[in-house]
Amino acid sequence: MASAGTSACSTQPTLPSGPIVFKTVPYAFMLPEIICGIWVWILVAATSVSFPLLQGWVMYVSISSCLISLLFLLSYIFGFHKNSENWKVLDSLYHGSTAILYMSAAVLQANATIRSEPGHIEPGANVSTVTSALNYQLNSAASFFAFLTTFLYILHAFSIYYK
């Protein structure tokens with residue numbers, strides 16, 4: 001009977017707390033997720049938004065994901081999880097759903113980048129609506145970081161799921 005109690009304790013997850021979070025594989029992705037998400041936020045905000053519906057969704061996803069991921073990171077650093085198995089499931093569900101949302105935002109940002117390309121004129125638009133090369137470069141960088149952030153969220157979600 002005593003061995004059954006010890007094996008039940010050994011199946012408990014060991015979730016990191018404190019600075020070890022930055023060295024543990026699935027949780028080490030959190031800081032790069034936040035940093036890349038901030039870059040998406042900054043780069044989209046720096047452009048003259050020509051497509052508010054597209055880039056508004058990108059801003060919403062990047063800001064909300066950045067803030068919630070920051071809360072998760074602080075929770076792990078301060079040990080609010082109390083080594084609970086439910087916390088691991090919540091983390092996996094959050095990062096999986098955020099990866100899907102970020103993929104939609106990255107695709108919309110790529111669409112906005114293509115539509116803001118210098119020389120690309122929308123049907124029915126006059127020549128004065130063509131955006132500058134700087135907006136195109138900022139949109140391109142935002143698209144790159146949006147796809148990179150999506151990849152980081154996918155890596156985080158799968159590494160927690162398969163661990």
Side-chain angles (χ1 to χ4, degrees), residues 15-16 19 21-78 80-81 87-163:
L15 298 175
V21 169
F22 300 111
K23 296 178 184 175
T24 310
V25 168
Y27 310 102
F29 294 126
M30 293 180 94
L31 192 59
E33 289 165 2
I34 293 168
I35 292 170
C36 289
I38 288 172
W39 273 110
V40 172
W41 177 13
I42 290 170
L43 290 167
V44 172
T47 63
S48 64
V49 177
S50 304
F51 313 104
L53 189 59
L54 299 179
Q55 291 176 307
W57 176 250
V58 175
M59 287 293 285
Y60 171 74
V61 170
S62 64
I63 291 171
S64 61
S65 299
C66 178
L67 292 176
I68 295 171
S69 293
L70 184 63
L71 289 175
F72 263 99
L73 181 62
L74 292 174
S75 324
Y76 280 116
I77 289 173
F78 293 123
F80 293 142
H81 53 75
W87 194 264
K88 189 175 175 182
V89 172
L90 176 67
D91 192 5
S92 179
L93 287 174
Y94 165 71
H95 281 88
S97 60
T98 304
I100 294 168
L101 292 176
Y102 238 109
M103 179 60 80
S104 70
V107 168
L108 289 176
Q109 181 59 37
N111 184 8
T113 301
I114 291 168
R115 292 171 66 179
S116 71
E117 184 177 5
H120 177 79
I121 301 173
E122 290 290 317
N126 57 19
V127 179
S128 65
T129 61
V130 177
T131 58
S132 69
L134 177 63
N135 281 334
Y136 177 70
Q137 291 171 351
L138 290 172
N139 281 327
S140 297
S143 295
F144 171 77
F145 280 107
F147 281 108
L148 180 63
T149 307
T150 302
F151 180 67
L152 288 169
Y153 276 106
I154 290 170
L155 280 177
H156 189 125
F158 277 121
S159 63
I160 286 179
Y161 181 74
Y162 287 117
K163 190 170 183 183

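This is a predicted model, so every value here is computed, not measured.
- Taking the side chain as every heavy atom from C-beta outward, L93 and V89 approach each other to under 4.5 Å.
- Atom CG of L155 sits about 9.5 Å away from atom CZ of F158, to the nearest 0.5 Å.
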- request: Please step through side chain to side chain contact (heavy atoms under 4.5 Å, CB included) for the pair W39 and L148, ending with a clear verdict.
  value: CA-CA 11 Å; W39 273 110; L148 180 63; over 6 Å; no
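- Applying the side chain to side chain contact (heavy atoms under 4.5 Å, CB included) criterion to Y94, with sequence neighbours excluded, gives S65, I68, S69, F72, T98, Y153.
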- request: Tell me, with the steps shown, if W57 and L101 meet side chain to side chain contact (heavy atoms under 4.5 Å, CB included).
  value: CA-CA 9 Å; W57 176 250; L101 292 176; 3.8 Å; yes
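- A distance of 10.5 Å separates OG of S116 from CG of L134, quoted to the nearest 0.5 Å.
- Under the side chain to side chain contact (heavy atoms under 4.5 Å, CB included) criterion, I42 pairs with I38, sequence neighbours left out.
- With sequence neighbours excluded, no residue satisfies ring pair (Phe, Tyr, Trp, His ring centres under 6.0 Å) with F29.
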Validation: residues 106-114 side-chain donor-acceptor distances under 3.5 Å, sequence neighbours left out:
from, atom 1, to, atom 2, distance (Å)
Q109, NE2, N139, O, 3.4
Q109, NE2, N139, OD1, 3.1
T113, OG1, Q109, O, 2.8
T113, OG1, N139, O, 2.9
T113, OG1, S143, OG, 2.7

query: Do D91 and Y76 pass the side chain to side chain contact (heavy atoms under 4.5 Å, CB included) test, and can you show the C-alpha distance, the side-chain angles, and the key distance before you say yes or no?
result: CA-CA 11 Å; D91 192 5; Y76 280 116; 2.8 Å; yes
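- G96 and A157 get closest at one heavy-atom pair: N-CB, 3.6 Å.
- When all heavy atoms of W87 and S75 are compared, the closest pair comes out as CZ2-CB, 3.5 Å.
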Side chains of residues 30-37: which donor-acceptor partners sit under 3.5 Å, not counting sequence neighbours?
from, atom 1, to, atom 2, distance (Å)
E33, OE1, H95, NE2, 3.2
E33, OE2, H156, ND1, 3.3

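- Legend: residues meeting side chain to side chain contact (heavy atoms under 4.5 Å, CB included) with L67, ordered by chain and number and at least two apart, are I63.
- With values rounded to the nearest 0.5 angstrom, I154 atom CD1 is found 10.0 Å from F147 atom CZ.
- In terms of heavy atoms, A99 sits closest to T150 at O-CG2, 3.8 Å.
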